[in-house]
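Please see the structure below; I have some questions.
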Amino acid sequence: MTTKSGDGLSRRLNGRHIRFIALGSAIGTGLFYGSSDTIAKAGPSVLLAYLIGGAAIFFVLRALGEMAVNDPAPGSFGEYARKHLGPLAGFLTGWTYAFEMVIVCVADVTALAVYMGFWFPDVPRWIWVVLTILVIAAANLVSVRVYGELEFWFTLVKVVAIVAMILGGAAILIFGLGATSGSVTNLWSHGGWFPNGISGFIASFALVMFAFGGTEILGLTAAESEDPRTAMPKAVNTVPVRVLLFYVATLAIIMMLNPWNTISTSGSPFVQIFAGLGLHSAATVLNIVVVTAALSAINSDIFGAGRMIYGLAKRGQAPAIMARVTRNGIPWMTVLVVAAALSLAVVLNYLLPDSAFLLIASVGTFATVWVWFMILLTHYRSRRQSPAEDLAFPVPFWPVGQVLTMAFMVFIFVVMAFAEDTRLALVVGVVWLAVLCGLFWFHRRATSSTEADKSHAQG
């Protein structure tokens, strides 16, 4: 039986779904492949960078959780920004998040096409992109419960793989199993904890924070949760801890097994754990895992972008047709529009098969950090307007924790401005916000003119 909210969406996501949706969104290519780049920049100090970044994400999710439990509205943090910061803030936050999800999804389907080339090197990448978009979009159109179940099983595969990697690496270290041997001293014996200095440590933050991108999808699930007041607090409190465990524990073991300066950035460091255990099919096993990770991310990307655009349409900041839902409570038009937008991935993989992923992933970094900053700013304003005793799930360390986390997000923007490989993403982000401001102004002016014409005609 389908239970619908007052806004037409189906409330069929349970606590298990929500916890794994948030967990799965943060465990993807950023961990399986991007971690080698962060290790190259910071060396063993990358573990500290992930701890600091994880603490910041915890405050972002707690802020979002507090607002979502009190008001599980469609559009989530886009709607909260409109309510507490004004229509322009809601417009910028909502469309920037939708933009982020589409861009990240383009990167994910591009990565999946690369992974499939491991087994089918002669098949053009764009074919895998088309097939993936069609299958995942179709699954998202069936019902929100199908989406939740898919995400649960995709994430379970990733979690099992990571736990196996941690246990396998620990077995090599403790019992000397496998073809290689490592030592805890590898963490400080090759240049110390900060082998590339403080500058290398700071430079790693942009990549570290991008790896956590997607966890904010938790807020969007609240409107379709069977019991958001129970499910949201559990998910918010457990997901950051689990993500930190997976990132920090796994990367620590990798750098104990192999000195950080011997880890290649051309592939995944996880292959070395399997290879160290003498598993000759290590690359095949890892490829299965990363394909699953990419499918999981694509599944969440389409859901997140679609639900945010639906929320924008409900408050008149997107075409009204985007607010239409199926009999099962699925905003079908938004799913189709997001799937159509992903045709960009087909074009890029056809024209630029070798550089598409890096080009796309860098653009998504700005949008991710911007959305987090807006969530924090929205929450800060909402808390100033609401007494703490009226809150069912208040954030800890108020207001010091929130202020420090907002300052940290500004720090990330500064890091992006000075780092050569992320400076372009910052420029693109600023241009994007300027374009949105222009569209908002044009929309408001057109709406005001229409309303004035109606009033004149009635008068």
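Here the structure is a predicted model, which means the values were calculated and not measured.
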Beyond-backbone contact of Val46 with Lys41, side-chain heavy atoms, under 4.5 angstrom: no
Main-chain N/O of Ala40 paired with Asn196 side-chain donor or acceptor, under 3.5 Å: yes
Close side-chain approach of Glu79 and Leu312, heavy atoms under 4.5 Å: no
Approximate separation, where rounding is to 0.5 Å, of Trp95 CH2 and Met308 CE: 10.5 Å
Any donor-acceptor N or O pair under 3.5 Å, side chains Ser296, Lys158: yes
Parallel, tilted or perpendicular, as decided by the 30° and 60° cut-offs, for the rings of Phe201 and Phe194: perpendicular
Aromatic ring proximity, centroids under 6.0 angstrom, Phe411 and Phe205: yes
Considering all heavy atoms, the nearest Tyr97-Glu216 contact: CE1-OE2, 3.3 Å
Side-chain (Thr93) to main-chain (Gly90) donor-acceptor, under 3.5 angstrom: no
Note, Trp260 side chain near Leu187 side chain (heavy atom, < 4.5 Å): no
Distance, nearest 0.5 Å, that separates CD1 of Ile254 from CD1 of Ile39: 5.5 Å
Exam field: side chain Arg62 to backbone Val236, donor-acceptor pair closer than 3.5 Å: no
Separation between CD1 of Ile136 and CD1 of Ile298, rounded to the nearest 0.5 Å: 6.5 Å
Reported CD1-to-CG distance for the pair Ile375 and Leu61, which is rounded to 0.5 angstrom: 8.0 Å
Check: Phe366 ring centroid to Trp432 ring centroid under 6.0 Å: no
Gap separating the CZ atom of Phe373 from the OG1 atom of Thr405, nearest 0.5 angstrom: 11.5 Å
Phe212 and Trp372: CA distance, side-chain angles, deciding distance, ring pair (Phe, Tyr, Trp, His ring centres under 6.0 Å) verdict: CA-CA 11 Å; Phe212 289 127; Trp372 288 338; 7.6 Å; no
Residue pair Leu47 / Leu51, side-chain heavy-atom distance below 4.5 Å: no
Contact check, side chains of Asn186 and Met255, non-hydrogen atoms, under 4.5 Å: no
Whether over 12 other heavy atoms sit under 6.0 Å from Trp193 CH2: yes
Straight-line distance of Lys314 NZ to Met322 CE, nearest 0.5 Å: 14.5 Å
Any side-chain heavy-atom pair of Phe120 and Ile127 under 4.5 Å: no
